[in-house]
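Position 1 is the first residue of the sequence; numbering continues from there. Every heavy atom of this structure was used, including side-chain atoms; hydrogens, water molecules and symmetry mates were not.
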Amino acid sequence: MSSSVALIAHTDLQSPFAWSEQGPVSAAQFLGDTTALAALLPEHPYVFNACKDRYFFTVAFAAALLRGQTCLLPPSQTTEMVHQLASQYPSLYCIADDPSEEVQLPCYFCHEIAAAPVEEVPRIASHHVAAIVFTSGSTGVPVAYSKTWGKLVLNAQAEGRRLGIVAGTKKTIVGTVPPQHMYGFESTVLVAMHNSAAFHVDKPFYPADICAALEQTPQPRLLVTTPFHLRTLLDDVQQLPPVDTIVCATAPLSPQLAWRAEQAFNAPLIEIYGCTESGQLATRRSTQTQVWETFEGAVLSQKSKEDRGVVSGSYIEGEVTLSDIIERQSASHFLLHGRSADMVNIAGKRSSLGFLNYHLNSIEGVKDAAFLFPEDDMPDGVQRLTAFVVAPSLSREQLLSALRERIDPVFLPRPLYFVDTLPRNSTSKLSRAALLDLERTLQEKSLSSPLLLKIPEDHPSFSGHFPGDPLLPGVVTLDLAVRAIEAATAWSLLPGQFSAVKFLAPVRPGAILSVEYERHINTCKFAVRQQTTLVATGVAVIKLAAENSSDKKEVA
């Protein structure tokens with residue numbers, strides 16, 4: 001690669017660079033806006049690009065390049081994230097397009113620029129660090145990776161060749177993912193800049209908005225989206241605007257959804273594999289093969305099947321060890337088995353959350369679903385998985401029956417929560433923290449109403465415990481509480497499997513007790529009270545063998 005690369009690949013500067021509801025914006029106008037904004041920017045090394053509009057984001061990114069600055073693209077724009085960035089990167093400032101949003105940084109706005117078109121394409125040094133991108137933090141703290149301009153361009157060109165977005169095709173791109181995310185950055189912004197294409201300025205979320213954005217752009221066009229957006233679109237819209245290619249990434253894509261999408265649009269669906277560390281690496285047509293093929297220029301190596309793959313090549317920043325478990329078939333082809341951090345081992349059997357999520361989402365009637373590996377072992381010492389499912393047309397029994405046909409029974413979810421939606425972010429990713437929060441919320445909602453127990457005056461235990469001073473034995477209090485919970489819930493509490501049992505106050509003949517209980521994963525916490533006096537507390541283990549029993553206290 002030469003020591004510098006053109007800012008954009010458009011040779012016809014009157015051709016469209018972006019599309020909006022108002023019509024096209026030419027490449028010459030883009031260069032004019034970029035040059036005008038660059039002249040206003042301060043002499044600081046780092047900029048936080050907070051622009052929501054894809055065009056303004058690209059103008060801000062390009063203007064920073066002209067000033068020799070580096071764009072920070074964090075996984076979120078929360079106050080805490082901005083604070084962390086400001087503490088790590090000196091003199092950080094912000095470029096935004098929405099004055100109503102407060103960012104705790106010195107801010108420059110690009111939404112009111114009215115510059116004259118420019119007919120000369122500037123060049124940027126290949127070694128310049130154009131962006132610092134961050135992992136999503138879905139499994140921990142976000143990690144930063146530097147991306148040089150030359151490598152980003154090579155990656156965008158390789159993707160363009162794979163997707164058929166090359167000079168002369170005049171393709172336009174509609175993306176449902178934000179440009180700050182690595183997938184959106186590469187597949188909507190960079191791929192357009194360096195393959196003479198154009199993009200729509202919006203980030204449509206709702207089906208009607210996606211259709212409107214497609215209709216505002218000319219054909220041939222691509223839809224760059226996620227499984228979540230795609231499923232919502234197909235469920236809501238009967239007559240879809242035509243597209244030439246569907247591009248999908250960021251979450252497990254079920255084969256049913258891929259088939260539906262191709263039939264609905266009458267277009268191929270190309271799934272993209274990549275990671276923040278390496279950038280986009282490979283594609284596959286999901287309805288035809290499970291094998292991934294790397295982009296031209298990327299080379300995959302693997303010492304053994306037990307080792308993680310290493311990718312290197314023309315557009316890779318050095319050698320990158322993949323976080324995913326792969327099965328290398330050649331230097332350019334591989335199978336994907338899931339992230340190493342997602343590997344689970346239960347009762348001596350190994351699998352990955354990615355593999356399990358794939359099969360759970362493949363069940364007919366499942367709209368969205370995810371497994372979660374709990375933070376701690378169960379009180380009985382057994383490791384089990386939790387699952388959250390959006391499947392309004394399925395019963396618990398139907399879902400588990402279908403899942404048994406796809407995965408080993410040891411990985412069946414216990415508990416299984418039916419929910420309305422999953423807490424996906426703007427790129428449809430699910431963080432472990434979000435799933436743990438959802439689990440805690442669901443557990444709180446499963447709190448019971450107290451059960452009332454009246455202790456008979458002539459209960460047989462009183463005759464021997466104790467004559468003249470009758471007290472209900474603690475074991476009888478425990479037995480009565482357990483029987484009441486089982487009758488109210490259809491749970492089966494394992495005999496003898498109790499922990500943290502305490503007897504705190506005496507129970508006399510004729511006492512009226514209330515039993516409070518709540519389910520926590522596969523245990524039942526309970527408390528017995530007499531009016532405001534706490535009588536006994538404990539934790540019981542719930543038997544899980546009878547999965548088909550009706551559990552009216554489990555969230556559904």
Looking only at heavy atoms, what is the nearest atom pair of [X] and [Y], with distance?
X: L394; Y: G365; result: CD1-C, 4.1 Å
X: D420; Y: V390; result: O-CG1, 3.3 Å
X: L335; Y: Q290; result: CD2-O, 3.5 Å
X: S514; Y: L452; result: CB-CD2, 3.9 Å
X: S146; Y: I132; result: OG-CG1, 4.0 Å
X: T289; Y: R284; result: O-CD, 3.7 Å

Working for side chain to side chain contact (heavy atoms under 4.5 Å, CB included), residues F462 and L472: CA-CA 6 Å; F462 288 135; L472 194 69; 3.9 Å; yes

Partner residues of [X] under the salt bridge (charged side-chain N to carboxylate O under 4.0 Å, His left out) criterion, sequence neighbours left out:
X: D479; value: R483
X: D209; value: none
X: D235; value: R260, K367

Residues forming a ring pair (Phe, Tyr, Trp, His ring centres under 6.0 Å) with [X], sequence neighbours excluded:
X: F57; value: none
X: F185; value: F61
X: F355; value: H359
X: Y46; value: Y89

Over 12 foreign heavy atoms within 6.0 Å of CD, Q88: yes

Which residues share a side chain to side chain contact (heavy atoms under 4.5 Å, CB included) with [X], sequence neighbours left out:
X: P207; value: T232, L233, D236, V237
X: Q104; value: E102
X: E262; value: P268, L269, R285, T287
X: K52; value: D97, D98, E101

Is it true that a side-chain atom of [X] and a backbone atom of [Y] form a donor plus acceptor pair closer than 3.5 Å?
X: R231; Y: L257; value: no
X: E277; Y: Y145; value: no
X: E186; Y: Q280; value: yes
X: Q180; Y: N49; value: yes

With sequence neighbours excluded, residues passing side chain to side chain donor-acceptor pair (under 3.5 Å) with Y273: D324

F503/V535 under side chain to side chain contact (heavy atoms under 4.5 Å, CB included): CA gap, chis, key distance, verdict: CA-CA 6 Å; F503 299 104; V535 171; 6.0 Å; no

Intermediate values then yes/no, side chain to side chain contact (heavy atoms under 4.5 Å, CB included), M182 and K147: CA-CA 11 Å; M182 192 64 180; K147 303 292 180 178; 3.8 Å; yes

Evaluation steps, side chain to side chain contact (heavy atoms under 4.5 Å, CB included), between L493 and I542: CA-CA 5 Å; L493 304 184; I542 300 172; 3.7 Å; yes

Heavy-atom check, side chain of P413 versus side chain of F388, under 4.5 Å: no

Beyond-backbone contact of L430 with P423, side-chain heavy atoms, under 4.5 angstrom: yes

Lys/Arg N to Asp/Glu carboxylate O, E518 vs K525, below 4.0 Å: no

